[in-house]
Amino acid sequence: MTDTTQNQVVDLAEAPRGVTIRVWEWARANLFNSPLNTVLTLAITYLFLRVLWPFIRWATIDSTWNAANDRACQASGGACWAFLREWGRFILFGRYPYEQQWRPALVLALFVVMLLVTARRSTGGRALLMMWSGGLVLVFALMWGGFLGMPYVETDLWNGLPLNLILALGGVGFSFPVAILVALGRRSRMPAIRWLSVAYIELIRGVPLITVLFMSALMVPLFLPGGASIAKLWRAEVALTLFFGAYLAEAIRAGLQVIPRGQYEAADSLGLGYWRKMGLIILPQALAISIPAIVNTAIGAFKDTTLITIVGIFDVLQDVNNATNDPGWRNAYWEGYVFVGAIFFVFCLYLSRYSQSLERSLSRARPGARRT
Amino acid sequence: MSMAMQERAAAAQTAGGPMIELRNVNKWYGEFHVLKDINISVRRGERVVVCGPSGSGKSTMIRCINRLEEHQKGQIFVDGIELTSDVKHVEAIRREVGMVFQQFNLFPHKTVLENLTLAPMWVRKMPKKEAEELAMHFLNRVKIPEQAAKYPGQLSGGQQQRVAIARSLCMKPQVMLFDEPTSALDPEMIKEVLDVMVGLAQEGMTMICVTHEMGFARTVADSMIFMDRGQVVEVAPPKEFFANPKSDRTKLFLSQILSH
């Protein structure tokens, strides 16, 4: 199917004709090529406009950018973006000390830059690893402060979008090694290890994330020796790591299962030993196969970080709720949710595009690999 | 490992002892008795061809020699080291025993050169440059140095199998095991692989080949082993084996595979 579309694109691009003619020909070939398709195309276009057009009007033409409160916006009937001018910064950074908010802003910029560099596949794996470990140290140094004249900021005040990113990237990053070990453990020949891995996966997958978050927030302190306490943020991070670890382990196991037995035997017969066999031969192939499932889990993980509100941590979504508690902006929650939704959409779209390019480049690197 | 090395040193002192020895080896898959009291001894430098009908246990037998399969009764010695469940012994033996598979089993995510340098670098701790020189040496030997940068999926079956042989040779093994190396190949590619194997045999490599290529067997084998239903039925030099088989089962098998 991909082949035919590509061929058409090439054919059309080669045709020395105007763009409008080419678009019209493409539409005739793909959208109006039968009575049924014509009807469907028209119906869908109608529905699309019917739903989308009011939204576009609401978001642009009818919107208000200057207003003192939500009642002042009501006259226009459109989006009240003035709310974001007033509260946008709070939604992004929450209760982080106002005059220090350049620090989480820098952290956001750092994350975006690192994600963009990662997407450029020209950077080597080792360089990426160094960039991310250095970057994460910098992230925590900036958030905490306590040096170079930056006042110390406790983790309870880390709110908003930087927190979602730290929790998601940290959760997926920490759970990855856990997941690899558990996925290998589930296929281990040693019954005790296999049994433990299965128990972990089934236990975690059988429970909603909210339960795991509650458990770590409320029960972990009970088990700690008297007086010791761990910040809420870290308890939430441990819960997320454990939770994503179980799902990632299953994603990786699916990849492990399709590696042919001959690969194991060839590695064995060269005397590689278990860890080198897994690390050099089996896992690189299994992970490449698991990429779509891993990215799927990562996208879910990022969105799931909004659930940490439940244990009293203020993430970006909770910040919207808090902002609309302002008596002047009680009715502006629509604008807040659209804003946060757009942010999540951009990040998730980026992840999904990244995984597609990763898959393409991996299959390019090993043409015909599936034959062997 | 040091224990394994000591044992190997002890074995070297009693030089002339067999390179590979199987004593009363038995193996079962559940109820099914695959190997029945196998006794085989292979001298250093000896070329042995194992043949027999499918299901006779010949592949299982050679897969026991580097413990891709476990035997349940009897003893297997490789270069004086006994194969037990001791991982150190198993890994020491696997380093010395090369294996070529019917399905090549090259690593598809690595280039041909990387396939060859991987084990020398990670198992023998050889520096990268040295490993690459060694790899190119053996790629020349199997006559495909120009394919070094390609991925296995880009090569023909015959080329892949020659890369697989070179990959094993890069570990400088004492013994090479061939498990039906030409059975998955198109007919026009069988010769290029057999040529490489004949070359190896002429250089004095100790080899055990499971194969139906009787022409190859006649050229290089020092002895033929015929297996049927999990037993070694007949062991003889090729001349005698082909001209004058003793057992009826061998006669039947030979008549079936040589008749066309």
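Just so it is clear: chains get the letters A, B, ... in the order the sequence lines come, proteins before strands, and each one is counted from 1. As the structure is a prediction and not an experimental result, all values here were calculated from the model.
- Among residues 55-76 of chain B, the residues having any heavy atom closer than 4.5 Å to a heavy atom of chain A are, in sequence order, R63(B), N66(B), L68(B), E69(B), E70(B).
- Counting heavy-atom neighbours within 6.0 Å of F345(A) CZ, excluding the residue itself, gives a total of 12 or less.
- One finds the CZ atom of R276(A) at 11.5 Å from the CE atom of M121(B) (value rounded to the nearest 0.5 Å).
- Partners of W195(A) by ring-ring contact (aromatic ring centres under 6.0 Å, His included), not counting sequence neighbours: none found.
- Taking chain B as the reference chain and counting heavy-atom pairs below 4.5 Å, the highest number among G262(A), P284(A), A267(A) is found for G262(A).
- When heavy atoms are compared at a cutoff of 4.5 Å, V97(B) approaches chain A solely by way of its backbone atoms N, CA, C and O.
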What side-chain donor-acceptor pairs closer than 3.5 Å can you find for residues 239-259 of chain A, not counting sequence neighbours?
{"residue": "T241(A)", "atom": "OG1", "partner": "E237(A)", "partner atom": "O", "Å": "2.8"}
{"residue": "E250(A)", "atom": "OE1", "partner": "R186(A)", "partner atom": "NH1", "Å": "3.3"}
{"residue": "E250(A)", "atom": "OE1", "partner": "R253(A)", "partner atom": "NH2", "Å": "3.0"}
{"residue": "E250(A)", "atom": "OE2", "partner": "R186(A)", "partner atom": "NH1", "Å": "2.9"}
{"residue": "E250(A)", "atom": "OE2", "partner": "R253(A)", "partner atom": "NE", "Å": "3.1"}

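- Expressed to the nearest 0.5 Å, how far CG of L283(A) lies from NE2 of H109(B) amounts to 9.5 Å.
- Between F107(B) and A266(A) the shortest heavy-atom distance is CE2-CB, 3.9 Å.
- Heavy atoms of F101(B) lying under 4.5 Å from chain A belong exclusively to its side chain.
- Atom NZ of K128(B) is surrounded by 12 or fewer heavy atoms from other residues, nucleotides or ligands within 6.0 Å.
- Applying the ring pair (Phe, Tyr, Trp, His ring centres under 6.0 Å) rule to pairs touching residues 255-305 of chain A yields F302(A)-F344(A), F302(A)-F347(A), sequence neighbours excluded.
- When all heavy atoms are compared, the tightest approach of G271(A) to R94(B) is CA-CB, 3.9 Å.
- For R194(A), the CZ atom is densely surrounded, since the number of other residues' heavy atoms within 6.0 Å is greater than 12.
- Side chain of Q263(A) to main chain of L106(B): a donor-acceptor pair is present (N/O by atom type, distance under 3.5 Å, no hydrogens or angles).
- Scanning all heavy atoms of the two residues, the minimum distance from V123(B) to L270(A) falls at CG2-O, 3.9 Å.
- Annotation for W122(B): atom CH2 does not count as buried by contact number, only 12 or fewer foreign heavy atoms lying within 6.0 Å.
- In terms of heavy-atom proximity, E91(B) sits nearest to G273(A) at OE2-CA, 3.4 Å.
- Among Q102(B), M99(B), K150(B), R167(B), the residue making the largest number of heavy-atom pairs under 4.5 Å with chain A is R167(B).
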